[in-house]
Amino acid sequence: MTASLLRTAADLWARARTGRRAVVMTMGALHEGHATLIRTARRIAGPEGEVVVTVFVNPLQFGAGEDLDRYPRTLDADVELAGKSGADAVFAPSVDEVYPGGEPQVRISAGPMGERLEGAARPGHFDGMLTVVAKLLHLTRPDVALYGQKDAQQLALIRRMVRDLNFGVEIVGVPTVREEDGLALSSRNRYLSPAERRTALALSQALFAGRDRHAAQEALRARAREVPATRARAEALSAIGESRAAADAHAVATTAGGPAAVRAAARLVLDEAARLDPPLRLDYLALVDPSDFTEIGDDFTGEAVLAVAAHVGSTRLIDNLPLTFGTFGDAS
């Protein structure tokens, strides 16, 4: 499948529309993570619909000293990958097309959620991101727009903007795509030297350690529920062939763990990575409520996000995993 390259909104609006239009927004330098988004968009749009991929490196969401100038620009390869993945068109507007007359005086404010975690590390980033997403939603006029869950805070803010400002578009999050060793796919991975890439694996390894600690905790709690909470606990466990260590596990399951243990397991990996050569320099490790990206407490129940951001060399990387608290035996 070959994707048409469109440079202006007028060209996009001139295309005949018969079914649903699904849009995947990118800054280019497409990789398998983007291809997964495009393939998902193709399934949602169906054979009668249309998939549009936007390629636009948005200057508003880069702060002073960030990598706007060196951000990879590979439009020819992007158009080829988009077409092979199922896109009908690639919309790659100029800065003047998106921001006629220069930087906009009226912008979208991300609010309090946009000042936490990534927003604290990159002031103004989310205001710029939401402003361009709002503009691209107006320019592309989709029925559905798809975004990767790797940028969990970005996805949460887009969903909030669409809800709060009554955008008539469905927002779909697509799970993070990882390389075989666990590293989350990112356009910035190409900046990493072999040694830096080895250190960068600590981000996903820390998340997996937190997830595994949580899964073990939930499994212990589920086992504890299978026997009566009485003096006969040891006898009941013995009767089903368990060791005394299993009886001791009940105390662990009911008095330890939870969010604090998840954070501790993840931080242990990150602390070890800080001693590598080259070292990992942690920006944040957070376990947050995805509705507002505030830290969760030890009594929290429901969906949560374990998120991490760090520098390796001159490259800044982010990653996250979803977890569920309060459902024994059902850890995500």
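As a basis for the values below, the full set of heavy atoms in this structure was taken, side chains included, without hydrogen atoms, waters or symmetry mates. Given the structure is predicted, the values throughout are model-derived calculations rather than measurements.
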Q.
According to salt bridge (charged side-chain N to carboxylate O under 4.0 Å, His left out), does anything in residues 316-325 pair up with another residue at least two apart or in another chain? List the pairs.
A.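 For residues 316-325: Glu118-Arg316, Arg178-Asp319, Asp283-Arg316.
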Q.
If the condition is ring-ring contact (aromatic ring centres under 6.0 Å, His included), which residues does Phe293 pass it with, not counting sequence neighbours?
A.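 Partners of Phe293 under the ring-ring contact (aromatic ring centres under 6.0 Å, His included) test: none.
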Q.
Suppose we screen for side-chain hydrogen bond (donor to acceptor under 3.5 Å, both in side chains). Which residues come up paired with Arg188, at least two apart in sequence or across chains?
A.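 Asp67.
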Q | Any residue meeting side-chain hydrogen bond (donor to acceptor under 3.5 Å, both in side chains) with Asp212, in chain and number order, not counting sequence neighbours | A |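 With sequence neighbours excluded, Asp212 shows a side-chain hydrogen bond (donor to acceptor under 3.5 Å, both in side chains) to no residue whatsoever.
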**Q.** Partners meeting side chain to side chain contact (heavy atoms under 4.5 Å, CB included) with Arg141 (sequence neighbours left out)
**A.**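 Counting only residues at least two positions away or on another chain, Arg141 forms a side chain to side chain contact (heavy atoms under 4.5 Å, CB included) with Trp13, Arg17.
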Q | Which residues share a side chain to side chain contact (heavy atoms under 4.5 Å, CB included) with Glu196, sequence neighbours left out | A |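 Residues passing side chain to side chain contact (heavy atoms under 4.5 Å, CB included) with Glu196: Leu192, Ser193, Pro278, Val312.
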(Q) If the condition is side-chain hydrogen bond (donor to acceptor under 3.5 Å, both in side chains), which residues does Asp164 pass it with, not counting sequence neighbours? (A)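 Only Arg160 meet the side-chain hydrogen bond (donor to acceptor under 3.5 Å, both in side chains) criterion with Asp164.
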List the atom pairs, with distances to 0.1 Å, where a side-chain N or O of residues 107-114 and a protein N or O form a donor-acceptor pair under 3.5 Å, not counting sequence neighbours.
unit_1	atom_1	unit_2	atom_2	d
Arg107	NE	Pro104	O	3.0
Arg107	NH2	Glu103	OE1	2.8
Ser109	OG	Gly111	N	3.3

Q: Under the side chain to side chain contact (heavy atoms under 4.5 Å, CB included) rule, collect the residues that match up with Pro290, sequence neighbours excluded.
A: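 Pro290 satisfies side chain to side chain contact (heavy atoms under 4.5 Å, CB included) with Glu303, Val305 only.
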Q) In the hydrophobic cluster built from side-chain contacts under 4.5 Å, what are the other members alongside Leu185? A)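 Taking Ile, Leu, Val, Met, Phe, Trp and Tyr as members, Leu185 shares its hydrophobic cluster with Val177.
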Q: Under the side-chain hydrogen bond (donor to acceptor under 3.5 Å, both in side chains) rule, collect the residues that match up with Glu170, sequence neighbours excluded.
A: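 For Glu170, the residues satisfying side-chain hydrogen bond (donor to acceptor under 3.5 Å, both in side chains) (neighbours in sequence not counted) are Arg20.
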Q. What pairs meet the salt bridge (charged side-chain N to carboxylate O under 4.0 Å, His left out) rule with one or both residues in residues 258-271, with sequence neighbours excluded?
A.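 For residues 258-271, and leaving out neighbouring residues, the salt bridge (charged side-chain N to carboxylate O under 4.0 Å, His left out) pairs sorted by first residue read Arg263-Glu295.
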